[in-house]
Q: 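Shown below is the structure under consideration.
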Amino acid sequence: MNLEYSTEQTLLADSVERLLSQRRATDRRAIWAACAELGLLALPFPEDMGGLAGGNVEAQIVMEAVGRHLADVPYIGCAVGPGAILGLCPETLRLRELVAAIAEGSRTACLAHEEEHARYRLAHVETRAERTASGFVLNGKKTGIATIDGVDELIVSARLSGAAGDETGIALFLVPADLPGVRMRTFPAFDGTTLAIVGLSDVALPPDALLASDKGALAALDRAEAASLSAVCGEAVGILEAMLDETVAYLKTRQQFGGPIGRFQALQHRAAEMYVALEQARSMALLAAVSVDLPDREERWRMLAAAKVQINASLRFVGQQAVQLHGGIGVTEECRVGRCFKRTAMIERAFGDTFHHLAVLDRLGGLEGRLPRTAPAQANGRAA
Amino acid sequence: MNLEYSTEQTLLADSVERLLSQRRATDRRAIWAACAELGLLALPFPEDMGGLAGGNVEAQIVMEAVGRHLADVPYIGCAVGPGAILGLCPETLRLRELVAAIAEGSRTACLAHEEEHARYRLAHVETRAERTASGFVLNGKKTGIATIDGVDELIVSARLSGAAGDETGIALFLVPADLPGVRMRTFPAFDGTTLAIVGLSDVALPPDALLASDKGALAALDRAEAASLSAVCGEAVGILEAMLDETVAYLKTRQQFGGPIGRFQALQHRAAEMYVALEQARSMALLAAVSVDLPDREERWRMLAAAKVQINASLRFVGQQAVQLHGGIGVTEECRVGRCFKRTAMIERAFGDTFHHLAVLDRLGGLEGRLPRTAPAQANGRAA
Amino acid sequence: MDLSFSHEEIAFRDEVRAFIRDNLPADIRAKAGRVAHFDKADVVAWHRILDARGWAASHWPREHGGPGFSPVQRYIFMEEMLRAPTPEPLSFNINMVGPVVYTFGSDAQKARFLSRIRSLDWWFCQGFSEPGAGSDLAALRTSARREGDEYIVNGQKIWTSTAHVADWMFCLVRTDAAAKKQEGISFLLIDMRTPGITVRPIITIDGAHHTNEVFLDDVRVPVANRIGAENRGWDYAKFLLGNERTGIARVGLSQGRVSRAVSLACGIEGLDGPLTDDHGFRRRVIELEIELKALEITALRIIDRQRRRNDGRPDPASSVLKLRGAETQQASAQLLLDVAGRLGAPLDADLAALGGGFAEAQGAAAIHLGARAATIYGGSSEIQKNIIAKGILGL
Amino acid sequence: MDLSFSHEEIAFRDEVRAFIRDNLPADIRAKAGRVAHFDKADVVAWHRILDARGWAASHWPREHGGPGFSPVQRYIFMEEMLRAPTPEPLSFNINMVGPVVYTFGSDAQKARFLSRIRSLDWWFCQGFSEPGAGSDLAALRTSARREGDEYIVNGQKIWTSTAHVADWMFCLVRTDAAAKKQEGISFLLIDMRTPGITVRPIITIDGAHHTNEVFLDDVRVPVANRIGAENRGWDYAKFLLGNERTGIARVGLSQGRVSRAVSLACGIEGLDGPLTDDHGFRRRVIELEIELKALEITALRIIDRQRRRNDGRPDPASSVLKLRGAETQQASAQLLLDVAGRLGAPLDADLAALGGGFAEAQGAAAIHLGARAATIYGGSSEIQKNIIAKGILGL
């Protein structure tokens, strides 16, 4: 057991913190370039592709700072997810070049996997890929994509065979965003971040666009999902910290009935409960980070599901308390806590919400496997 | 809509309150005699058998006072339950005499229906009744019987046919407690009340011991269960009142850190939450009382299940808070709140616990029937 | 004891239901349950339809233009509107300033204001809270200095909902700086077109411009627009805040949200089939249904008690309704967004055009975010607990 | 970052597990998890078995007879005992008075007391709380008047657990009535056989005689039995209360209860088949498992931090462990009784002989009722929240 940051991890934390505390969150492109300069964009990619082979703790370190500063940096969708996927794909010259370009910030890629009817199920892919004489043709729609404006490459999951939900038949493709038939529309989510929907109409791809198929593709998606879930747990911890700090500061300064409201014991006790929720979330984020690479699929998803359920609960409790303890100002756009609250609601449903992960744990007989299972095990709970 | 007590109900409430506040809870027989004197024992029986045909509100009025005074009066098991059952049985001379004797306190009867493996399921009867040339022979074991010492008659459910859990084949018998083969053992429950287990070994009964069979028996048991659930909701309200009153009084008098602890806002807010829980429980007790006689079985059990779930939640919350706010003294036998807490734990599992009633509501598609049903409707949820 | 409505009450409920069905404009109906706030135009339109039927001011006495509803009828009327849902008659006019005017106003004030308040010819907003006076309202500092027939008002109000669309503001001002906190406050009606008034929007986390800051800079208000006696405004404010709180649980609103959540869930496939089979979801629905049923009966019990007491004084037990009502509004809004899942993410209304799922989930996030204010505005949950602890439990 | 135990730590865990398996007496094992408190004889028997192995005082330094465990080893050791469960080494001796004696005692006191404390030759109880001094401990009034080489002690202690079986009591007394609250308190070791001591039982709601009131009436205590300096007792008490709190979450105890609840549920048929299929039950188990996992990691994080700081000062974050630990102990006890259902009703132990169900459920009610004290004793949950609010958040 060793729960101390290494020297490198401490340096990483310091430099990300410095980067995000200096920049205004408005210019997403500039922040992205700065991330590249710091080496953050190389971090999630494997060394043999020219990446820095950072682990899940490193990704959480980055995301914790992102959360703390409420930065709108699509680090998970454009770095953590692609890194996890490409790390499981056979190394090719084209991928090496792409990773190098991503790492230096000159090109961008994002994962385009989610679909409208997926509801957190990993294998729910309706987008079809047909083999043709000259390669593949893709048709379908991808939603909820966390990306950067003008992204260059999409990593798209599509189905070569089978029906939506089947664990077999899925393939992964590298799709340049400017190909004919690719229509991307970005839109603002309620928390102020940017999401995208991509329509794919008869998108023709050469044979080497295929990154992985079948078991390989599912394994890569599973790993990306696990790594992303872990990373978003880091972001959650950062937001929880920010909300607690803001609230404690507010309790100390806000005057009412002739003194700071922080002198009221009822409010002190609620702040203490918020602290407890933060500490428990921190522990479960740690659990998530060390569980992403567990070889046993069921064990892995037990731990990840438990982490997300607990972190969602902490987000909900701390978010509600932070807003409530701020009173009227807490529900305004100009208040940091109000904006944090919106982000919590988005993170709660990133990579599986509480309904989903409790159902996963239910299937698997609970976190400790004490209970009889309720259904044939479909390990990460993402299959239909 | 009319939520005011009638003059008779107000008088009843006053007289029960007077009775129980004057007597020490120790002499159960003496209290029982006093109940007879007040007419309380005639209340649950139908007029045509010589009863007073009191309703479910009246039973709650009695039980609310029982709860408030933590009295050990088996009014539900020895009056409400028998009253509900006998009211659905054909009137006979023998029953008229029995009811008259129960009403004046000279004889006692109790319901002996529960079994070890029943787990709140109404139709779970393993006790067997065999028809013989001279009547019936009963074999089996009844548990969890709320009764009075030296009870004279048992109203026993036994199965003429079918397997445990079948809705058909159940019959009800009147069994003198002193018959050969009837072995009753009373024992103290953890809340200080008395419960009994009855063993039935080749108990021979004459033909006229049969009170009801099949649909009639099940309907009578269902009605007894419903009336008992409603009555115990009244007891719960009385206990909730007592715990809130005790706690508020304690907060006002207990000195710590240089003043009464009731000046701490954190504790005031918890007392306020206790009050809310009491008011919500009062509302649901009312719902239970007016729902016992709803003709539609599903509608009836939706309302009763909802009432019990809410009241159990109030009991748990208020009980825990009352003990916690009392500190060390709260967990002692000499403290009223400690004794109340034990009673709450017993009431929570009387006539169905929260697991059970939530499962009933789940089956029936929720309280408002919005959700798809999960299983073939087994209305009061008591069948296997 | 009888919890069910009488035949007359049921007939009345059916009458209200039919009226809503037949008269709620189609464009308003289409928005129902999908928006956190109705637009002014919608509120005005529906308010006037109700007023034409004589129902806009449902709890005003007949002599002042009310319909003469019984307490139970008032409750039924409000709940039916919430359950539809329709826009609600403007609370500032109907529940707040109207009763103050007909109870404490002069005959001239009644003649001038009452029918316009009732018909919503004049839209009122509430100028109570200030930056340093929220829960501690009596700490307000906006001053009104007398000059002849006018007060010169200076100060700042905050959380002034609908100020940007209002014609008038009823306002607490300090007319005696030397007096103790609750004393020295007066109650003024201020025409929002008066020079010196600046309204600055406050955007809330649901993305809406619903509330405002209002700056008052040498605003001249005729003394004739003061309600009641000078320096007695606190009494009128207390009356106003305690008035008609039985509808405050808004059970119908939450019930409507639960219904929408369940019907949305019917169309969503999750890990184990339709989301309506998910045990976590079912449990949340059932627990909310139980809580709402208890709350509904608690509201009826309080109404019944008021009917019998009939002294018009606020019942501190109605704090239970505000407290649990706000919590269940939030829980039902949260449930709706939880069902919507990732489909509830877009803020962009145009996305509704994109796909079935996104269109179905429209407004879920805004309703959830908007609902957070329910435990803060109108006497925060903390204030309600204080009222219960002190007013009922004597702590 | 590595959350898993090292090979050495796993080997140690296996060693502890094997030791418990091979050495826990069968009669004690039979009671495990079925009683709220072990009897004195059980505690002594197991304590001495541990002591013979050198493990009774798991966190004492080697020089005072401790085994020289690392913080992680101590944690593993405690959790394995809780998970079995075995009786625990007597906390009053091992966690409380022992460290005070070896830290602040004179050489003569160390020589006389330490090994007897460690081996449980002398059973200690704690004389801190008084009727007017519970959470507000410094308000204590028991007085000690100096007369030559003796103190004359008068007063009353309450919540003195095991006083009726104890040989000694460590006790806070007021030696300077004129001094301010926290000053003027001294720390005495009192032989329970001294004339003037009366122990009155307090029966708790679990039906147990576990705690007591202790009346001290002109009790003569040699000055030689005072630890440290006169009037400095508050410092020693604070040291004692802050000492070794990482085991305080008692995760293993709660895990054991959850396991017993699930295995009990396996044998129970409910509305929809085995109770282990009941969704409400499954959800409660899973939620408890998650909470306990988080708590376990939080405990390890605090241990890891202590190991690095290595300053021996109490970490205010350990209040999280006490707070959530006590709550999960209660939740797991409650779950157990909820599973037991009506079979958990009998208080009468003989009933176990009656039937399978009653025997299986034995002790569930007593464990549930006994667990209510977990959030009260040893620094109530309210006190823990005060510590977090002030000590960590600076409120």
Side-chain angles (χ1 to χ4, degrees), chain B residues 1-6 9 55-57 60 244-245 247-248 251-252 260 262-265 267-287 289-291 302-303 305-307 309-311 313-314 357-358 361-362 364-372 374, chain C residues 1-6 9 71-72 75 255 258-259 261-263 265-266 274 276-277 279 281-283 285-305 307-308 316-317 319-321 323-324 327 381-382 384-395:
Chain B
M1 199 185 79
N2 171 25
L3 305 181
E4 199 174 2
Y5 277 171
S6 67
Q9 287 168 336
N56 300 296
V57 172
Q60 281 192 351
L244 179 60
D245 289 351
T247 303
V248 168
L251 291 177
K252 286 178 184 168
R263 75 189 187 285
F264 291 117
Q265 200 199 23
L267 308 191
Q268 288 179 3
H269 280 191
R270 281 154 69 183
E273 286 282 354
M274 292 168 72
Y275 172 79
V276 173
L278 164 62
E279 285 302 308
Q280 296 285 72
R282 223 188 268 281
S283 294
M284 290 307 253
L286 178 55
L287 178 69
V290 301
S291 300
R302 274 202 183 106
M303 299 301 151
V309 168
Q310 200 290 326
I311 277 171
S314 285
H357 285 300
L358 279 177
L361 283 166
D362 197 60
L364 297 174
L367 179 55
E368 311 286 344
R370 286 183 175 106
L371 296 165
T374 52
Chain C
M1 301 278 274
D2 185 4
L3 197 52
S4 50
F5 291 132
S6 68
E9 288 159 346
V72 175
Y75 177 83
Q255 291 280 19
V258 175
S259 292
V262 172
S263 71
C266 285
T276 45
D277 288 358
H279 303 297
F281 170 71
R282 293 176 70 89
R283 199 51 52 100
V285 168
I286 292 171
E287 284 171 350
L288 249 173
E289 287 178 337
I290 294 172
E291 186 69 23
L292 288 170
K293 175 61 86 178
L295 197 55
E296 183 187 350
I297 300 172
T298 301
L300 293 173
R301 287 174 46 229
I302 291 174
I303 289 170
D304 183 69
R305 198 156 60 205
R307 181 171 59 182
R308 281 181 279 133
S319 285
V320 174
L321 305 183
L323 192 60
R324 277 287 182 274
E327 287 168 2
S381 291
E382 289 74 14
Q384 303 305 328
K385 288 181 197 170
N386 290 346
I387 291 172
I388 293 170
K390 291 184 201 325
I392 300 178
L393 305 178
L395 283 168

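Values in this document were obtained by computation on a predicted structure and should not be read as measured data. Sequence lines set the chain letters: A, B, ... in the order given, protein chains first and strands last, and positions in each chain run from 1.
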Q: L267(B) versus chain C, heavy atoms under 4.5 Å apart: side chain, backbone, both or neither?
A: neither
Q: Mind listing the closest non-hydrogen atom pair of A305(B) and L361(B) along with its distance?
A: CB-CG, 3.9 Å
Q: Can you say whether Q255(C) sits under 4.5 Å from chain B via the side chain, the backbone, both, or neither, judging by heavy atoms?
A: both
Q: Within the 3.5 Å criterion, strictly below it, is a donor on S6(C) or E9(C) matched to an acceptor on the partner's side chain?
A: yes
Q: By a 4.5 Å heavy-atom criterion (distance strictly below it), what part of V57(B) contacts chain C: side chain, backbone, both, or neither?
A: side chain
Q: Counting heavy-atom pairs under 4.5 Å to chain C, which of M274(B), R270(B), R263(B), E279(B) comes out on top?
A: E279(B)
Q: Less than 4.0 Å between a side-chain N and a carboxylate O, is that true for R305(C) and E4(B)?
A: no
Q: Heavy-atom distances under 4.5 Å only: say whether S259(C) touches chain B with side chain, backbone, both or neither.
A: both
Q: Pick one of side chain, backbone, both or neither for A265(C), based on which atoms fall under 4.5 Å of a heavy atom in chain B.
A: neither
Q: Quick check on the interface: out of A272(B), P260(B), A313(B), who has the most heavy-atom pairs with chain C under 4.5 Å?
A: A272(B)
Q: Hey, mind stepping through N386(C) and H269(B) against side chain to side chain donor-acceptor pair (under 3.5 Å) and telling me if it holds?
A: CA-CA 7 Å; N386(C) 290 346; H269(B) 280 191; 2.7 Å; yes
Q: Quick one: does E289(C)'s side chain have a donor or acceptor within less than 3.5 Å of a partner on L367(B)'s backbone?
A: yes
Q: Given a strict heavy-atom distance threshold of 4.5 Å, which part of R282(C) is in contact with chain B: side chain, backbone, both, or neither?
A: both
Q: Non-hydrogen atoms of chain B under 4.5 Å away: do they reach the side chain of L295(C), the backbone, both or neither?
A: both
Q: Go through D245(B), N56(B), L286(B) and name the one with the most non-hydrogen pairs under 4.5 angstrom from chain C.
A: L286(B)
Q: Measuring heavy-atom distances to chain C, does R282(B) have an atom under 4.5 Å in its side chain, in its backbone, in both, or in neither?
A: both
Q: Name the member of L3(C), V262(C), V320(C), T276(C) that forms the most heavy-atom pairs with chain B at distances under 4.5 Å.
A: L3(C)
Q: If we count only N and O atoms by modelled type, under 3.5 Å, do the side chains of T298(C) and Q280(B) hold a donor and an acceptor together?
A: yes
Q: Please classify the contact of M303(B) with chain C as side chain, backbone, both or neither, using a heavy-atom distance under 4.5 Å.
A: side chain
Q: Under a plain distance cut-off of 3.5 Å, with no hydrogens placed, do R301(C) and S283(B) share a side-chain donor-acceptor pair?
A: yes
Q: With a 4.5 angstrom heavy-atom cut-off, which part of I392(C) approaches chain B: side chain, backbone, both or neither?
A: side chain
Q: Inspect the contact between R324(C) and E327(C) and indicate whether a charged nitrogen and a carboxylate oxygen are less than 4.0 angstrom apart.
A: yes
Q: Which one, V72(C), V258(C), L292(C), leads in non-hydrogen pairs under 4.5 Å with chain B?
A: V258(C)
Q: Check P316(C) against I387(C) and note the closest heavy-atom contact, atom names and distance.
A: CB-CG2, 4.3 Å
Q: Could you tell me whether the side chain of Q384(C) and the main chain of S381(C) form a donor-acceptor pair under 3.5 Å?
A: no
